[in-house]
Amino acid sequence: MSSIKIECVLPENCRCGESPVWEEASNSLLFVDIPAKRVCRWNSLTKQVQRVTMDAPVSSVALRQSGGYVATIGTKFCALNWEDESVVVLAEVDQDKKNNRFNDGKVDPAGRYFAGTMAEETAPAVLERHQGALYSLFPDHHVKKYFDQVDISNGLDWSLDHKIFYYIDSLSYSVDAFDYDLQTGQISKRRSVYKLEKDEHIPDGMCIDVEGKLWVACYNGGRVIRLDPVTGKRLQTVKLPVEKTTSCCFGGKDYSEMYVTCARDGIDPQGLLKQPEAGGIFKITGLGVKGLAPHPYAG
């Protein structure tokens, strides 16, 4: 086992950092700070950060095949032109629920942008329950709703053969799987593949590695865990020096580095003295496994 190294590569002080995405073309990490309404891009070569502020909480960002990015802003799927900071609304959801916003999102291997909603929190992980739903934005900009009654729509990814969709509704404390039809974007046969243990706390963002194992960031658990979705066993725990770990992705020139986002909101001043890097962007090397390039939105 190679030696694992964890470093805070960017002391960003995110209130709630989320949705890390590696952009190979610019050697950069994209991520968002949800309550700060910001999309950020950190260049791993120059160490420079560019930040664009939106007019509503921005909860996920993804690459776009035709250039620029897509993002979930408030309850809207949007296209984001990075050069002039302009935003075009592609679709809107949950218009009957004024208190809702999108949360985590990711693009499937066919170029559909999946993202789910939740009620706005009154405190971290405290909110009106069962208000959210899971959606996807197809390349032609039509939206499909999969199911509702979601608490906190969170981590999502697809198996290596694209036949399984993995999904987290955080307050279920479970990582779930669905059969997936890549041609149609249909999901079916929901089941749990892993139940979190008490000290792992709340499952948040998630990604998959080249061996088909899942990595889940544990909010309040200060760790990312590696799971085998076939056996339901935890294979590895990597602890970080911050407790509110929110999401993870692979990046770097060969996708052998893991990037982890985290949050500061909900940590009292005493807690912040103990974890001054809370809200920073962390890089983990030496995991001995690589990840996959993110899929771009095809619309």
Side-chain angles (χ1 to χ4, degrees), residues 10-21 23 26 28-43 48-64 68-95 97-107 113-128 131-133 135 137 143 152-156 170 204-205 217 219 242 244-247 249 259-267 272 278-281 294 297:
L10 179 63
E12 182 70 4
N13 289 348
C14 288
R15 290 181 56 193
C16 185
E18 265 285 2
S19 185
V21 179
E23 184 179 44
S26 64
S28 297
L29 184 77
L30 293 160
F31 61 95
V32 303
D33 184 350
I34 301 176
K37 305 177 182 174
R38 271 208 295 260
V39 181
C40 306
R41 186 170 73 181
W42 172 74
N43 185 308
Q48 296 299 305
V49 191
Q50 295 167 285
R51 303 172 184 87
V52 177
T53 303
M54 302 297 153
D55 62 358
V58 53
S59 59
S60 73
V61 62
L63 309 179
R64 190 180 187 191
Y69 309 118
V70 283
T72 47
I73 304 171
T75 51
K76 300 179 175 95
F77 283 108
C78 299
L80 168 59
N81 181 321
W82 193 255
E83 306 316 315
D84 65 7
E85 301 187 7
S86 62
V87 170
V88 175
V89 177
L90 303 177
E92 187 167 7
V93 302
D94 286 6
Q95 284 164 292
K97 296 192 171 172
K98 296 297 172 218
N99 193 38
N100 273 22
R101 66 162 172 83
F102 268 118
N103 200 37
D104 207 354
K106 192 170 280 183
V107 177
Y113 189 10
F114 274 67
T117 56
M118 58 185 278
E120 194 60 79
E121 296 163 304
T122 52
V126 179
L127 71 168
E128 189 181 351
Q131 296 305 301
Y135 298 94
L137 178 71
V143 172
I152 301 178
S153 190
N154 235 321
L156 45 179
S170 287
D204 202 326
Y219 184 84
V242 290
K244 295 188 183 293
T245 34
T246 55
S247 193
C249 79
Y259 289 90
V260 181
T261 51
C262 62
R264 281 173 83 82
D265 274 13
I267 307 175
L272 288 173
I281 304 296
Y297 173 63

Is a side-chain N or O of Arg38 found less than 3.5 angstrom from the main chain of Thr53, in a donor-acceptor match?
no
Are Trp82 and Tyr69 close enough that their ring centers fall under 6.0 Å?
yes
When rounded to the nearest 0.5 angstrom, what distance separates OG in Ser153 from CD in Gln131?
13.5 Å
Asp265 bridged to Arg15 by N-O distance under 4.0 Å:
yes
Quick one: CD on Glu121 to CZ on Arg101, what's the gap to the nearest 0.5 Å?
5.5 Å
Say you draw a straight line from CZ of Arg51 to CH2 of Trp42; how long is it, rounded to the nearest 0.5 Å?
12.5 Å
Treating Thr117 as the side-chain partner and Ala133 as the backbone partner, does any N or O pair qualify as donor plus acceptor under 3.5 Å?
yes
Might you point out which heavy atoms bring Cys249 and Val21 nearest each other, and give the distance in Å?
SG-N, 3.9 Å
Out of Asn154, Thr261, Asp204, which residue meets the side-chain hydrogen bond (donor to acceptor under 3.5 Å, both in side chains) rule with Thr246?
Thr261
Which distance, rounded to the nearest 0.5 Å, do you find between the CG of Asp104 and the OG1 of Thr72?
8.0 Å
Taking side chain as C-beta onward, heavy atoms only, is Phe102 less than 4.5 Å from Val58?
no
Side-chain contact, heavy-atom cut-off 4.5 Å: Leu127 with Thr122?
no
Between Asp94 and Tyr135, do the side chains contain a donor N or O and an acceptor N or O under 3.5 Å apart?
yes
Taken to the nearest 0.5 Å, the spacing of Ile34 CD1 from Glu18 CD works out to 4.5 Å
Determine the minimum heavy-atom distance between Tyr297 and Leu90, stating which atoms define it.
CE2-CD1, 4.2 Å
Working to the nearest 0.5 angstrom, can you tell me the gap between Cys14 SG and Lys244 NZ?
14.5 Å
